[in-house]
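Starting from 1, each residue takes its place in the sequence as its number. Atoms within each ligand, like the ligands themselves, are counted from 1 in listed order. These values consider heavy atoms only, across backbone and side chains, with no hydrogens, waters or symmetry-generated copies.
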Amino acid sequence: MSDTIERIKCLIIGSGPAGYTAAIYAARADLKPIMYTGMEPGGQLTTTTEVDNFPGYPEGIDGPTMMVQLQQQAERFGTEVRIGMVTAVDFSKEVGGIHKVTVDNTTQIEAEAVIISTGATAKYLGLPSEQKLRGGGVSACAVCDGFFYKNQNVAIVGAGDTAAEEATYLANICSHVTMLVRKDFMRASKAMQHRVNNTPNLTVKYNTEVDEVLGEQVVEGLRTVNNQSGEKEEIEITGLFIAIGHKPNTDIFKGQIDMDDTGYIITEGKSTKTNLPGVFASGDVQDKEYRQAVTAAGTGCMAALDAERYLATIETNEEVSA
Ligand SMILES: Cc1cc2nc3c(=O)[nH]c(=O)nc-3n(C[C@H](O)[C@H](O)[C@H](O)COP(=O)(O)OP(=O)(O)OC[C@H]3O[C@@H](n4cnc5c(N)ncnc54)[C@H](O)[C@@H]3O)c2cc1C
């Protein structure tokens with residue numbers, strides 16, 4: 001552990017669209033933000049080729065380029081972007097308290113305000129053929145990538161509400177959707193199951209799993225296996241959507257900050273305030289509903305504004321009591 005402790009005004013943890021947008025606003029408000037990027041500089045969008053739905057890019061843009069541009073914009077106003085992983089936190093419970101953060105198990109930072117933008121990680125099946133074709137037809141986001149498979153045949157894996165909702169979303173765009181459900185029932189609510197079962201171009205296959213995703217550069221088909229009979233079947237598809245859940249990146253905050261039972265950070269009303277004064281959360285780490293770059297960016301802006309107001313109130317209180 002290093003001996004020197006750096007004291008700063010505003011720390012941003014995570015470098016996805018939420019973190020960079022928070023950085024742009026915080027830097028322009030002269031909060032002199034320091035950002036730690038984590039293991040995935042640029043966040044989830046660096047794992048996708050085309051982003052077609054972020055406002056301001058009429059021709060679309062590839063994810064990694066968009067994230068480099070966001071970084072450049074944040075740095076233009078003075079954000080200091082550092083490569084590093086926050087490994088431990090010791091948040092204050094007091095208004096005006098100092099939040100202690102450890103980076104890479106060695107560096108100590110003390111911050112008056114902290115913006116958590118550590119995102120969430122989409123779960124995948126883990127098959128080599130699936131991993132090979134991520135970005136080549138395998139996606140974990142139907143709302144993001146479904147449009148690229150307009151009028152084509154696709155498949156989706158999952159059995160919960162999100163999977164059911166994404167399956168019906170895809171059915172509106174695609175010619176046909178095959179939904180693979182591992183068990184002999186769906187976990188989705190009765191209402192969602194009703195929607196699925198009443199969508200004519202959507203077929204549900206129960207007790208069915210992915211055996212292999214077929215194709216070298218892009219998805220050309222899917223071999224499925226019935227986990228009861230062992231029977232294998234090949235279906236022709238061009239897109240495979242994995243909808244088996246996300247894991248919010250909040251392990252280091254456990255026991256420190258209020259979370260829901262799935263580990264998402266709870267924020268207060270329409271704000272980005274957490275239960276701790278001076279700690280704010282933005283992006284997918286506090287949003288299991290929308291999970292889009294533009295909504296992450298929107299809450300990143302809100303977090304910086306909330307942090308700025310919090311710091312201004314503290315400074316005023318200090319002046320009054322001085
Ligand atoms: C395949 C795919 C395609 C997508 N396509 C689109 C699309 O076309 N349009 C769209 O709007 N959305 C798309 N999305 C969703 C979008 O990427 C997310 O909604 C968005 O990136 C969330 O932003 P975020 O800033 O909250 O977090 P993330 O992008 O998840 O970034 C989290 C950041 O936190 C960092 N981090 C995590 N833990 C730590 C730590 N301990 N210390 C420091 N840093 C840490 C990570 O390194 C990362 O930089 C897609 C998602 C996927 C998976």
Margin query: Give me the nearest non-hydrogen protein atom to atom 52 (C) of ligand 1 as residue plus atom name, then the distance to 0.1 Å.
Written below: Gln44 OE1, 4.2 Å

Check: Is Ala293 in polar range of ligand 1, meaning some N or O pair under 3.5 Å apart?
Finding: yes

Margin query: Testing Arg291, His246, Gln44 one by one against Asp284 for a side-chain hydrogen bond (donor to acceptor under 3.5 Å, both in side chains), which residue passes?
Written below: Gln44

Note to self: Under 3.5 Å between any N/O of Tyr124 and any N/O of ligand 1: does that happen in this structure?
What the structure shows: no

Check: Out of Asp284, Val285, Val101, whose heavy atom sits nearest atom 19 (O) of ligand 1?
Finding: Asp284

Check: Can you check side-chain contact (heavy atoms from CB on, under 4.5 Å) on Thr102 and Gln108, steps first, answer last?
Finding: CA-CA 5 Å; Thr102 308; Gln108 291 268 279; 2.9 Å; yes

Check: Which part of Met39 is near ligand 1, with near meaning a heavy atom under 4.0 Å away: side chain, backbone, both or neither?
Finding: backbone

Notebook entry, point to check: In terms of side-chain heavy atoms, does Arg76 have a donor or acceptor partner in Gln73 at a distance below 3.5 Å?
Noted result: no

Item checked: Donor-acceptor under 3.5 Å (Asp104 side chain, Gly84 main chain) -> no

Next item on the list: Give the residue and atom name of whichever protein heavy atom lies nearest to atom 25 (O) of ligand 1, and the separation in Å to one decimal.
Entry: Ala18 N, 2.9 Å

Notebook entry, point to check: Which option, Ile116, Thr47, Leu45, owns the non-hydrogen atom nearest atom 1 (C) of ligand 1?
Noted result: Thr47

Margin query: For atom 39 (C) of ligand 1, what is the closest protein heavy atom, and at what distance to 0.1 Å?
Written below: Thr118 CG2, 3.6 Å

Notebook entry, point to check: Tell me, which protein residue and heavy-atom name are nearest atom 5 (N) of ligand 1, and how many Å apart are they?
Noted result: Cys144 CB, 3.1 Å

Note to self: Any nitrogen or oxygen of Pro41 lying under 3.5 Å from a nitrogen or oxygen in ligand 1? Just yes or no.
What the structure shows: no

Check: Which of the listed options, Ala281, Ala22, Gly43, Gly42, holds the heavy atom that is closest to atom 31 (O) of ligand 1?
Finding: Gly43

Notebook entry, point to check: For atom 23 (O) of ligand 1, which candidate among Gly16, Pro17, Gly135 holds the nearest heavy atom?
Noted result: Pro17

Margin query: Under 4.0 Å, counting heavy atoms only: does Tyr36 come that close to any atom of ligand 1?
Written below: yes

Margin query: Given Glu40, Gln286, Met67, His246, identify the one with the heavy atom nearest to atom 49 (O) of ligand 1.
Written below: Glu40

Note to self: Below 3.5 Å, N or O to N or O, backbone or side chain included: is there any such pair between Asn249 and ligand 1?
What the structure shows: no

Notebook entry, point to check: Can you tell me which residue and heavy atom of the protein come closest to atom 9 (N) of ligand 1, and the distance to 0.1 Å?
Noted result: Asn53 OD1, 2.8 Å

